[in-house]
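Below you'll find the structure, written out as structure tokens, and then a few comments.
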Amino acid sequence: MEKIKYDLDLDDDIQKLLQDDVETKLKELSQKKINRKKRNRKIRRLILLVIATLLGIYLLSDASKVKSLSTHGSDFYSDKEIYEKAGISYESRYLLLPSFYLEWKLKRDPFIRDATVTKQMDGVILIEIADEEIFGYIVKENETVAVLKDGTQKEIVGENLMSIANYALIGSFTEEQLHRILSVFYSESNPVEEDIIAMISEIQPHAASYDENMVRIIMRDGNVLYGSYSSIRFLNYYKQTLASLKTHPTCLSLDEATSSIVSLKECPAN
């Protein structure tokens, strides 16, 4: 009996030793994990500090500035005006100009339909602008208004008034008349070509004994064309007509009878 008791006591001692050893190893392992986490945390902090320091040095240097700016696609705004609206210059920090933010700022403008900003390597920023499609402008008593392709009218504020030189002056048409004119210029089946529209200086009302609703179109080259609203589509023949003109400037008719542009012996009374 005493031997059995001795053996049991010995087993208890061995188990206790084993248990103490396991607990010690677990504590050591736990402490190693804690020490490893502390070491990793210090390393991460050091890396972040180094990165922040290098980034700060870079941002304070000229190397971080925009190296090249380029924009195209806009007839309404100059390059300088586009850069001002985007809030960028050659003093701007390249990394602090996310493309989506620049695009958002540009798209807020009422005369910019879309904007795409591409950032290339070495500090190069490219800006692609899509203007709202402006047909012409109307001068009212206290304001100048741009007429868009869809008939929408938007006031042109002071700093943009110089841009109207690129578009046609539209005379005193009624809303209904203007809508009819636009429907012909931008007809889905046979629209007037954009380069022809760009050659127009003025579009004024004209009346004849046989038709009170006509137009007098003054081109930038000095030629004047007369015709009905429906005959406006013959403007697409204007360039080829120029080659056959004997005098310049001259008066022309958008002739529906011949579906062409013909010369007039004399200009109709305005």
Side-chain angles (χ1 to χ4, degrees), residues 72-78 81-82 85 107 109-115 129-208 211-239 241-242 249-254 256 261 267-268 270:
H72 63 281
S74 179
D75 294 323
F76 191 78
Y77 292 119
S78 66
E81 289 172 326
I82 293 296
K85 292 180 182 298
K107 290 176 184 178
D109 188 272
F111 294 104
I112 294 179
R113 178 165 48 86
D114 196 13
I129 297 295
D131 290 333
E132 287 286 4
E133 296 188 66
I134 299 174
F135 174 64
Y137 67 96
I138 299 171
V139 177
K140 299 183 178 180
E141 289 185 6
N142 299 317
E143 61 183 5
T144 302
V145 176
V147 179
L148 304 188
K149 171 182 176 180
D150 62 359
T152 303
Q153 298 185 14
K154 295 184 179 181
E155 182 181 0
I156 304 175
V157 295
E159 66 265 23
N160 298 326
L161 285 176
M162 294 298 293
S163 301
I164 63 176
N166 298 320
Y167 305 95
L169 170 64
I170 301 172
S172 301
F173 294 95
T174 66
E175 291 293 327
E176 181 184 354
Q177 290 173 327
L178 185 56
H179 177 75
R180 289 174 60 189
I181 291 170
L182 287 170
S183 68
V184 179
F185 267 98
Y186 297 103
S187 166
E188 292 185 4
S189 59
N190 186 27
V192 178
E193 297 170 4
E194 289 184 8
D195 58 339
I196 299 295
I197 295 177
M199 297 173 69
I200 298 174
S201 175
E202 295 182 31
I203 302 175
Q204 298 289 347
H206 179 69
D211 190 349
E212 294 184 352
N213 296 305
M214 299 181 70
V215 292
R216 176 167 59 96
I217 300 175
I218 304 171
M219 307 302 285
R220 295 186 186 275
D221 59 12
N223 292 323
V224 183
L225 298 100
Y226 296 84
S228 65
Y229 294 166
S230 59
S231 70
I232 288 172
R233 65 187 186 277
F234 302 135
L235 279 172
N236 285 329
Y237 304 137
Y238 183 69
K239 287 183 178 180
T241 302
L242 289 178
T250 189
C251 287
L252 303 166
S253 173
L254 299 166
E256 291 193 84
I261 299 176
C267 294
N270 293 332

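The residues of the chain are indexed from 1 along the displayed sequence.
In this structure, H206 and V215 have side chains that are not in contact, with every pair of non-hydrogen atoms separated by 4.5 Å or more. Between I200 and L235 there is a side-chain heavy-atom pair separated by less than 4.5 Å. You'll find the side chain of D109 stays beyond 4.5 Å of the side chain of F76, heavy atoms only. Side-chain atoms of L252 and V224, non-hydrogen and from C-beta on, never get closer than 4.5 Å to each other. Proximity of F234 to T241: side-chain heavy atoms (C-beta onward) are nowhere separated by under 4.5 Å. Between R233 and S187, every side-chain heavy-atom pair lies at or beyond the 4.5 Å cut-off. Inter-residue side-chain proximity for I112 and I82 is flagged as met; some heavy-atom pair is nearer than 4.5 Å. In this structure, Y226 and R216 have side chains that are in contact, with non-hydrogen atoms separated by less than 4.5 Å.
Every residue two or more places apart in sequence or in another chain that forms a side chain to side chain contact (heavy atoms under 4.5 Å, CB included) with I164 is listed here: Y137, T144, I156. With sequence neighbours excluded, the residues forming a side chain to side chain contact (heavy atoms under 4.5 Å, CB included) with L148 are E132, I134, D150, T152, K154, listed by chain and number. For Y167, the ring-ring contact (aromatic ring centres under 6.0 Å, His included) criterion is met by no residue, not counting sequence neighbours.
The minimum heavy-atom distance linking N166 with D75 is given by the pair ND2-O, 2.8 Å. The nearest pair of heavy atoms linking S172 to P205 is O-CG, 3.7 Å. Here the shortest heavy-atom pairing between K107 and A115 reads CE-O, 3.5 Å. Minimum interatomic distance between R220 and A168 (heavy atoms only, all atoms of both residues): NH2-N, 4.2 Å. The heavy-atom pair separating N223 from T250 by the smallest distance is OD1-N, 2.8 Å.
The backbone N or O of R180 sits less than 3.5 Å from a side-chain atom of S183, completing a donor-acceptor pair. With hydrogens and angles ignored, the 3.5 Å screen pairs a side-chain donor or acceptor of N236 with a backbone N or O of E193.
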May I have the step-by-step check of side chain to side chain contact (heavy atoms under 4.5 Å, CB included) for F173 and L182, ending in yes or no? CA-CA 12 Å; F173 294 95; L182 287 170; over 6 Å; no
Dump the intermediate steps for side chain to side chain contact (heavy atoms under 4.5 Å, CB included) on L169 and I203, then the final yes or no. CA-CA 6 Å; L169 170 64; I203 302 175; over 6 Å; no
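Rounded to the nearest 0.5 angstrom, Q177 CD and E212 CD are separated by 9.5 Å. Atom NE2 of H179 is separated from atom OG1 of T174 by 11.0 Å, given to the nearest 0.5 angstrom. Atom CG of residue L178 and atom CZ of residue F185 lie 10.5 Å apart, to the nearest 0.5 angstrom. Atom CD1 of I181 and atom CD1 of I217 lie 8.0 Å apart (nearest 0.5 Å). Here CG of D114 is found 8.5 Å from CD1 of I129. Values are rounded to the nearest 0.5 Å. Between atom CD of residue Q153 and atom NZ of residue K140 there is a gap of 4.5 Å, rounded to the nearest 0.5 Å.
Residues S74 and D131 bring a donor and an acceptor atom of their side chains to less than 3.5 Å of each other.
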